[in-house]
Amino acid sequence: MRDTELLADLAHDLVQAIHEEIAPLDAAALGWQSDPAGNSIGVTAWHVARWLDRLSVQLLGARPMAEEAWYTGGWAARSGYDPQGRGRHGSGTLTGYTPE
């Protein structure tokens, strides 16, 4: 198995594990923060999901950002949030964001 295949399998397993953990949570639980200056459970899950989306499309697949699930799955349109060009290196993954 190539390194990229191993990494893709790991990312897939991580997505499934995160989904199993957060699927039963209600909005209040997803909004819980251990520290007022920290990210909520929901924001942390979104952050990880965005990195995995970016990893699978841009870094492993060498495809453009427009092919990420965030766009192809309609999340950008439904949420009205386009992360392209935001944060550190324009990754749109919350890395480099501030609380504001």
Side-chain angles (χ1 to χ4, degrees):
M1 181 178 280
R2 294 187 349 222
D3 292 345
T4 54
E5 292 169 331
L6 181 62
L7 186 55
D9 285 348
L10 176 62
H12 179 266
D13 292 348
L14 184 56
V15 167
Q16 286 184 313
I18 291 170
H19 184 267
E20 289 173 10
E21 292 295 325
I22 67 169
L25 300 180
D26 62 15
L30 288 170
W32 181 81
Q33 296 170 261
S34 62
D35 181 285
N39 291 333
S40 67
I41 291 171
V43 167
T44 300
W46 186 86
H47 172 70
V48 172
R50 282 289 303 134
W51 265 114
L52 291 172
D53 194 14
R54 184 169 194 248
L55 174 71
S56 66
V57 172
Q58 292 187 44
L59 304 177
L60 293 176
R63 299 187 323 264
M65 187 179 226
E67 292 185 26
E68 292 175 358
W70 183 254
Y71 300 99
T72 63
W75 293 101
R78 285 195 302 273
S79 68
Y81 177 68
D82 182 358
Q84 190 168 359
R86 298 182 183 266
R88 187 170 298 138
H89 304 296
S91 68
T93 59
L94 294 182
T95 303
Y97 284 37
T98 66
E100 294 77 34

(request) Look at the side chain of Arg78 and the backbone N and O of Gly73, then say whether any donor-acceptor pair between them is shorter than 3.5 Å. (result) yes
(message) Tell me whether Asp53 contacts the main-chain N or O of Ala69 through its side chain, where contact means a donor paired with an acceptor under 3.5 Å.
(response) yes
(request) Find the distance between OG (Ser56) and CD (Glu67) and round it off to the nearest 0.5 Å. (result) 10.5 Å
(message) Using the rule that Ile, Leu, Val, Met, Phe, Trp and Tyr join whenever any side-chain heavy atoms are under 4.5 Å apart, tell me whether Ile41 and Val15 fall into a single cluster.
(response) yes
Residues 26-34 side chain polar contacts: donor-acceptor under 3.5 Å, at least two apart:
{"residue": "Asp26", "atom": "OD1", "partner": "Ala28", "partner atom": "N", "Å": "3.2"}
{"residue": "Asp26", "atom": "OD1", "partner": "Ala29", "partner atom": "N", "Å": "2.8"}
{"residue": "Gln33", "atom": "NE2", "partner": "Pro36", "partner atom": "O", "Å": "3.3"}
{"residue": "Gln33", "atom": "NE2", "partner": "Gly38", "partner atom": "O", "Å": "2.4"}

(request) List for me each residue that meets side chain to side chain contact (heavy atoms under 4.5 Å, CB included) alongside Gln16, sequence neighbours excluded, and say none if there are none. (result) His12, Asp13
(request) State yes or no: do Val57 and Trp75 share one hydrophobic cluster built from I, L, V, M, F, W and Y residues joined by side-chain heavy-atom distances below 4.5 Å, directly or via other members? (result) no
(request) Can you measure from CD (Glu68) to CZ (Arg54) and round to the nearest 0.5 angstrom? (result) 7.5 Å
(request) Give the minimum heavy-atom separation between Glu5 and Arg2, together with the two atoms involved. (result) OE1-N, 2.9 Å
(message) I'd like to check the side chain to side chain contact (heavy atoms under 4.5 Å, CB included) partners of Ala76; sequence neighbours left out, ordered by chain and number.
(response) Trp70, Tyr71
(request) Considering non-hydrogen atoms only, spot the tightest contact between Ser40 and Val43 and give its length. (result) OG-N, 3.1 Å
(message) What's the separation between atom CG in Leu7 and atom CG in Leu60, rounded to the nearest 0.5 Å?
(response) 5.0 Å
(request) For residues Ala11 and Leu55, report the shortest heavy-atom separation together with the two atoms involved. (result) CB-CD2, 4.4 Å
(request) Provide the closest heavy-atom pair for Ile22 versus Ala45 in the form atom of the first, atom of the second, distance. (result) CD1-CB, 3.9 Å
(request) Applying salt bridge (charged side-chain N to carboxylate O under 4.0 Å, His left out), name anything that partners Glu21, two or more places apart in sequence or on another chain. (result) none
